[in-house]
Every structure is written in C-alpha cells, then in structure tokens.
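A short write-up of the structure that comes next.
Hydrogens, waters and symmetry mates are skipped; everything else that's a heavy atom, side chains included, is used.
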Amino acid sequence: LSVHENADGLLENLPGWSFMDWVYGAQPFTVGVAPDGDVGQGVSALNNLLYLLALQSAASVDEALGEGHLAEHWRTKAARLGRTLLARFWDEGRGALADTVRKDRFSEHAQCLAILSGILAPERRDRAFAALAKGEGLAPASSYFAYYVFEAFARCGRADLVMRRLDFWRNFVAHGARTAFETQDPAGTRSDCHAWSASPAYFVHTAFAGVRPSSPFFRTVRVAPQPAGLKEIRAKTPCPQGLVETDLRFAAGGVRGTVVLPDGLSGEFVWNGRTQKISSGENRIEMK
C-alpha cells in the first residue's frame, strides 16, 4: 500500500473498490465506500485508519517473531501516520475524528478505529468514546463493522454497550434466521449466512466472559469478565492448548465460580482492579 501514499504518508486515490461498510440513511457510503475514499475524491480518514491498524498489527507480528528491526519500521510508519491523521481530521469543537479533511462527515467508524489505534490522548479518547456511545450525527456501523465498534466498547470496559446493541441480531432471529444476514434488511441482503455479521459470537467469549490471550501465541491468558447485567456466565473458549472453561456468577458487585485452564496454560483473573493468578486445572474464584 505504501506506493499509494501521498507526500504526507496518507493513502490517497486507491485503485479498485475500497469497500468500507454498508451505510445507508442520511450519511450513506456510496456502494460501501467511505467518504472521499474513491479514486479522485481525496483522502479518507477511514481508509487511513484501517491502514494504521494494519501497520500496528504488522509491528506486533514481527515483534512476536523476533524481527525487531521490521517491527520498528512499522511502528515508525504507524506513529507518523497517526500524527498526520490527528492533524488533518480531529475536530476539537465536535470532540470527534472526522471522515474527511473538510470535517463535514462523521461516523461511528472513525471514532472506534481511532480509539482502537491508540492515537488519541486520554481527554480526546474520552470525548471520541462519548460521541461513539451517544451516536448522534454519526453514520452508523452495520452488523459487519459492529465488530470494531464492539471491540472499542470492550477495550474501554463497556460491554454493557455491546449488550444494548444486540437487538440488531435479535431482528435476524425474528425473521426466522439461525445465522447472521450480511445486512440488517433481510429483503435486501445478499447472504443469509455471513461471517461478517457473526462477531457477537466472538464477544461472548472475549468481552462478556473476558477471555483473551495476554501474550503472543496464547502462551498466557487473561480472564477479565464484563457481565453487562448478566447474573451468570458459562463459556468454553477455545485456545491452542484446549478449552478455557469459565463458570461464573455475579451478585452485589462481586464474582464467584471457577475458571478451568488446560494443561500448559496459566495467566490471571481480573475483577474490579484486583488480580488473581490462575494456572492449569480448576481455579476457584471469589472476589468483591
């Protein structure tokens, strides 16, 4: 993609179909392309935010594989791109990142990607998160792009906001579906079984049960549940070593139950700022 960077290091005039998301309504994305994201239109914040996340991911992969010099190369490019994005697209009055350099279009997409990239200082991150949570005046994410929105909610400890938006998927069930449609409108969808829209299954494990790797290759695990009003959570989360089994109950601000780790896996259980070491086998959990 670097061959499509302009003098400021921003992607511009990408060839082909730069699909971002199906967005309709008052601020539509034309054939799924983000504002200013097509050839000849200019520079899209969303295209560049995804590029930024790709650069950061490349750095993480190379670091994990012992390729430190390559990791540093990607980190340097990512840092430069992040600074440029903030300079061009941050709207101080709105407290949000714009989709265009004109700052005339805003979306859930830009806020969640900016949060996930880590380019926002704490005060700006809080403002962007508030804008995302409120949603007013923002082009909405579809069932596909909700993955990024939900990931931003989960990383900020607000899985309750994920829970609130699941009516989107309950609508699929109301139409007799056993799998997720590509879009929210059953009449206009191109696929009745679309992996793009299946992210709630992922967040059952990573947000509500709170099971995530805490080191490369899942060598260690972090279990930090966010019950979001649920009274109990029972899940079996696959990992390279086997299954992480959580059986937890929540009441009066506390949690109790068990976490069972497969052989060869250890990590930590986190609740309300407190941490308990966990290891292979059954771990009893009781924390306030």
Subject >> Side-chain donor/acceptor of Glu151 to backbone N/O of Leu116, under 3.5 Å >> reply: no
Original post:
Counting only N and O atoms by type, is there a donor-acceptor contact under 3.5 Å from the side chain of Thr30 to the main-chain atoms of Val33?
Top reply: no
Subject >> Phe106 reachable from Leu85 in the ILVMFWY side-chain graph, under 4.5 Å edges >> reply: no
**OP:** Hey, can you tell me if Tyr24 and Trp22 have their rings parallel, tilted or perpendicular (30° and 60° cut-offs)?
**Re:** parallel
**OP:** Mark yes or no for whether Glu182, through its side chain, and Ala195, through its backbone, hold a donor-acceptor pair below 3.5 Å.
**Re:** no
Subject >> For Phe129, ring pair (Phe, Tyr, Trp, His ring centres under 6.0 Å) partners two or more places apart >> reply: Phe153
Subject >> Where Phe208 and Ala159 come nearest, the two heavy atoms and their spacing >> reply: CE2-O, 3.6 Å
Original post:
For Ile278 and Ile285, which heavy atoms make the closest approach, and how far apart are they?
Top reply: CG2-CD1, 4.3 Å
Subject >> Arg165 to Phe150, cation-pi by 6.0 Å centre distance and 45° axis angle >> reply: no
Subject >> Trp271 and Gln226, any side-chain heavy atoms less than 4.5 Å apart >> reply: no
Original post:
If you measure from CG on Leu81 to CD on Gln56, what distance do you get to the nearest 0.5 Å?
Top reply: 8.5 Å
Original post:
Given the rule in the side chain to side chain contact (heavy atoms under 4.5 Å, CB included) test, do Val43 and Phe89 qualify, once you have shown the distances and angles that lead to the verdict?
Top reply: CA-CA 10 Å; Val43 177; Phe89 296 98; 3.9 Å; yes
**OP:** For Thr206, enumerate each residue passing the side-chain contact (heavy atoms from CB on, under 4.5 Å) test, keeping only those at least two apart in sequence or located in another chain.
**Re:** Tyr202, Phe203, Arg212
**OP:** Could you tell me whether the side chain of Asp99 reaches within less than 4.5 Å of the side chain of Gln27, counting heavy atoms only?
**Re:** no
Original post:
Got more than 12 heavy atoms from elsewhere within 6.0 Å of CZ, Arg88?
Top reply: no
Original post:
Counting only N and O atoms by type, is there a donor-acceptor contact under 3.5 Å from the side chain of Asn283 to the main-chain atoms of Ser279?
Top reply: yes
Original post:
Hey, what do you get for CG (Leu52) to OG (Ser57), rounding to the nearest 0.5 Å?
Top reply: 9.5 Å
Subject >> Partners passing side-chain contact (heavy atoms from CB on, under 4.5 Å) against Val173 (at least two apart in sequence or in another chain) >> reply: none
Original post:
Tell me the salt bridge (charged side-chain N to carboxylate O under 4.0 Å, His left out) pairs involving residues 16-45, sequence neighbours left out?
Top reply: Asp36-Arg102
Subject >> Partner set under side-chain hydrogen bond (donor to acceptor under 3.5 Å, both in side chains) for Arg125, not counting sequence neighbours >> reply: none
Original post:
Do you know the tightest heavy-atom contact between Pro140 and Val23?
Top reply: O-CG2, 3.5 Å
Original post:
Between Gln241 and Asp263, does a side chain to side chain contact (heavy atoms under 4.5 Å, CB included) hold up when you go through it step by step?
Top reply: CA-CA 7 Å; Gln241 298 90 334; Asp263 290 343; over 6 Å; no
Subject >> By side-chain contact (heavy atoms from CB on, under 4.5 Å) - contacts of Arg164 (at least two apart) >> reply: Arg158, Asp160, Leu161
Subject >> Partner residues of Arg170 under the side-chain hydrogen bond (donor to acceptor under 3.5 Å, both in side chains) criterion, sequence neighbours left out >> reply: Asp167
Original post:
Which heavy atom in Pro15 sits nearest to a heavy atom in Val39, and how many Å separate them?
Top reply: CA-CG2, 4.1 Å
**OP:** Output, in order, the C-alpha distance, side-chain angles, deciding distance and verdict of side chain to side chain contact (heavy atoms under 4.5 Å, CB included) for Val221 and Cys239.
**Re:** CA-CA 9 Å; Val221 67; Cys239 69; over 6 Å; no
Original post:
Looking at side-chain heavy atoms only, is the closest gap between Phe181 and His175 below 4.5 Å?
Top reply: yes
**OP:** Apply ring-ring contact (aromatic ring centres under 6.0 Å, His included) to the pair His109 and Tyr148, showing each step before the final yes or no.
**Re:** CA-CA 8 Å; His109 308 68; Tyr148 297 97; 8.9 Å; no
Subject >> Close side-chain approach of Gln276 and Met287, heavy atoms under 4.5 Å >> reply: yes
Original post:
Would you say the side-chain atoms of Ser197 and Ser143 include a donor-acceptor pair closer than 3.5 Å?
Top reply: yes
Original post:
Where do Ala45 and Ala98 come nearest, in terms of heavy atoms and distance?
Top reply: CB-O, 3.2 Å
**OP:** Any chance you could measure Leu53, atom CG, to Ile119, atom CD1, to the nearest 0.5 Å?
**Re:** 9.0 Å
**OP:** Return the set of residues passing side-chain contact (heavy atoms from CB on, under 4.5 Å) with Ser214 (not counting sequence neighbours), or none when no residue passes.
**Re:** Thr220, Arg222
Original post:
Among all residues two or more places apart in sequence or in another chain, which pass the side-chain hydrogen bond (donor to acceptor under 3.5 Å, both in side chains) test with Lys77?
Top reply: Glu5
**OP:** Walk me through it: do Phe269 and Arg274 pass the test side chain to side chain contact (heavy atoms under 4.5 Å, CB included)?
**Re:** CA-CA 8 Å; Phe269 184 92; Arg274 297 176 57 199; over 6 Å; no
Subject >> Glu232/Arg234 salt bridge by N-O under 4.0 Å criterion >> reply: yes
Subject >> Phe19 vs Val31 side-chain heavy atoms within contact, under 4.5 Å >> reply: no
Give every donor-acceptor pair under 3.5 Å between a side-chain atom in residues 67-74 and any protein atom, sequence neighbours left out.
unit_1, atom_1, unit_2, atom_2, d
Glu72, OE1, Arg75, NE, 3.4
Glu72, OE1, Arg75, NH2, 3.2
Glu72, OE2, Thr76, OG1, 3.4
Trp74, NE1, Asp62, OD2, 3.0

**OP:** Output yes when Glu92 and Arg127 qualify as a salt bridge under the 4.0 Å nitrogen-oxygen rule, no when they do not.
**Re:** yes
**OP:** Check whether any side-chain heavy atom of Lys288 sits under 4.5 Å from a side-chain heavy atom of Asn272, and report yes or no.
**Re:** no
Original post:
Within a strict 4.5 Å, meaning less than it, do heavy atoms of the Glu286 and Arg284 side chains meet?
Top reply: no
Subject >> Nonpolar side-chain network containing Phe217, other nodes, edges under 4.5 Å >> reply: Val61, Leu65
Original post:
Which pair of non-hydrogen atoms, one from Ala152 and one from Leu132, has the smallest distance, and what is that distance?
Top reply: CB-CD2, 4.2 Å
Subject >> Atom pair CG/CZ of Leu10 and Arg80 - distance to nearest 0.5 Å >> reply: 8.0 Å
Original post:
From Glu12 CD over to Gln41 CD, what is the distance, rounded to the nearest 0.5 angstrom?
Top reply: 11.0 Å
What side-chain donor-acceptor pairs closer than 3.5 Å can you find for residues 243-262, not counting sequence neighbours?
unit_1, atom_1, unit_2, atom_2, d
Thr246, OG1, Ala235, O, 3.4
Asp247, OD1, Arg249, NH1, 3.0

Original post:
Within the distance-only criterion (no hydrogens, no angle test), does the side chain of Trp196 pair as donor or acceptor with the backbone N or O of Ala180 below 3.5 angstrom?
Top reply: no
Subject >> Within-4.5 Å side-chain heavy-atom neighbours: Lys103 and Val101 >> reply: no
